[in-house]
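In what follows, a single structure is set out as structure tokens and then discussed.
Basis for what follows: all heavy atoms, side chains included, without hydrogens, waters or symmetry-related copies. Below, chain A is the first sequence line, B the second, and so on; all start at residue 1.
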2 protein chains.
Amino acid sequence: MELQEAKLKYIHTWGSLATSWGINKTMAQVHALLLVSTEPLSAEDIMETLKISRGNVNMNVRALIDWGIVSKEFVVGERKEFFVADKDIWELFKQVTKERKKREIEPVLKVLEELQKDVQENTEEAAAFKKVMNDLSSVTNTVNGILDKAIKADEHWLLSSFTKMIKK
Amino acid sequence: MELQEAKLKYIHTWGSLATSWGINKTMAQVHALLLVSTEPLSAEDIMETLKISRGNVNMNVRALIDWGIVSKEFVVGERKEFFVADKDIWELFKQVTKERKKREIEPVLKVLEELQKDVQENTEEAAAFKKVMNDLSSVTNTVNGILDKAIKADEHWLLSSFTKMIKK
DNA sequence: TTTAATTTTCAATAATTACTGAAAGTTTAA
DNA sequence: TTAAACTTTCAGTAATTATTGAAAATTAAA
């Protein structure tokens, strides 16, 4: 397979996979494009390669910057902005984890705790409900703690720790 | 807060949170409803509580069964079907993890490996591309392995192993 | 069998989400 | 300054995804 063909295949595959992860297709494609680019790309470059509008590029690049996985880069002699994606995949994983944790897990914990606290009733049914809320909190907290450690870890450490843990 | 009110609040909150996880809102609400029900529920019960159509109930209950987190239950003297959700939250977490792994992670690995293999070119650019694909595979494989262990673990073991690991 | 109860399917439609493109806003070079 | 280059915004529209509801299929009691 030609390199360019492989790059495009990666970009398009990534776009469709993203959908199942609850991530906007175009956002995933823009990120994929920047990830396999050797050079920083301008809005025009992205528009042309992905065949999307300027507005769409702007919105999605902005979202990627907001997620902390793409940054602006200045190119000498050029007035317009260029964008790059960090090529360190472990960093990428950690950053995405950090953001999803903040956006998608922490709000869950808040609601679960609130619901347990607010029910005063002392019936058996209320106890069962509180237990479910409590168990949900407990599992979510465990996962959250593990993700916290992953975010702070370097890849090698994480891998080796898990290997040890798993062998036990 | 009244117990019934709290249950409804949980059901609705869960529905909106699900959206950000790439999960259908109604599917999440049906599951939440079954999770906080003390009794098995019929399609009618679900229709009334969530104010949705019979077709919608049927499709989403079916999907939940397919995910392995809801099951049919027969009620003596009743001809129609009733549904229940397993109340063990750790089991729920493992089952969801298992399914998402199968549906959303394993296909990624397949594509990444394919793309590395298929590029013959020996330029510097091709090497860079292969490195990105390889790093993506490597991180994904690590995560996949961890999830595999989690799926087989019981909650207490996982929690204590992680605690030990983290303290080190 | 027949028929009534129940479940399933799926075309039509509604709701949601994403995208376009042009106008408004901002920046920088002359 | 001013004007060209560039970026941002957002109302309108397109594309996608979810839901309805009624007809078809299935099941089981009479």
Open item on the list: I'd like to know whether CD of B/E124 has more than 12 heavy-atom contacts from other residues, nucleotides or ligands below 6.0 angstrom.
Closed with: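 Atom CD in B/E124 is not packed in, count stays at 12 or less.
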- [ ] Mark yes when over 12 heavy atoms from residues, nucleotides or ligands other than B/K101 sit less than 6.0 Å from its NZ; otherwise mark no.
- [x]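 Check passes, neighbour count above 12.
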According to a strict under-4.0 Å criterion, is [X] in side-chain N/O contact with OP1 or OP2 of [N]?
X	N	answer
B/N60	D/dA18	no
A/R62	D/dT8	yes
A/N58	D/dC6	no

TODO: Just call it for A/S42: base, sugar-phosphate, or nothing, with non-hydrogen atoms closer than 4.0 Å on any strand.
DONE: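 The residue A/S42 makes no contact with any strand.
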Send over the distance from [X] [atom1] to [N] [atom2], rounded to a whole Å.
X	N	atom1	atom2	value
B/K51	C/dA15	NZ	C1'	19 Å
B/N56	C/dT8	CG	P	14 Å
B/M59	D/dT20	CE	P	11 Å
B/K25	D/dT19	NZ	P	7 Å
A/M47	D/dT7	CE	C1'	12 Å
A/N24	D/dT17	CG	C1'	14 Å
A/D66	D/dT8	CG	C1'	15 Å

Task: Of B/R54 and A/I23, the one whose closest DNA chain C nucleotide lies more 5' - done: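 Final value for this comparison: B/R54.
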Task: Contacts of type salt bridge (charged side-chain N to carboxylate O under 4.0 Å, His left out), residue B/D118, not counting sequence neighbours - done: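 With sequence neighbours excluded, B/D118 shows a salt bridge (charged side-chain N to carboxylate O under 4.0 Å, His left out) to no residue whatsoever.
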Open item on the list: Among residues 72-84 of chain A, which ones have heavy-atom contacts with DNA chain D below 4.0 Å?
Closed with: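 The answer is A/R79, A/K80, A/E81.
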Task: Residue A/T26, side-chain heavy atoms: nucleotide from D/dT17, C/dT9, C/dA18 that is nearest - done: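 Nucleotide nearest to A/T26's side chain: C/dA18.
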Task: Modelled atom types, side-chain donor and acceptor of A/D148 and A/N144, under 3.5 Å - done: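 A/D148 vs A/N144: no donor-acceptor pair found between side chains.
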Could you check whether [X] pairs with [Y] (Lys NZ or Arg NE/NH1/NH2 to Asp/Glu carboxylate O, under 4.0 Å)?
X	Y	value
A/R54	A/E44	yes
A/D66	A/R103	yes
A/E91	A/K94	yes

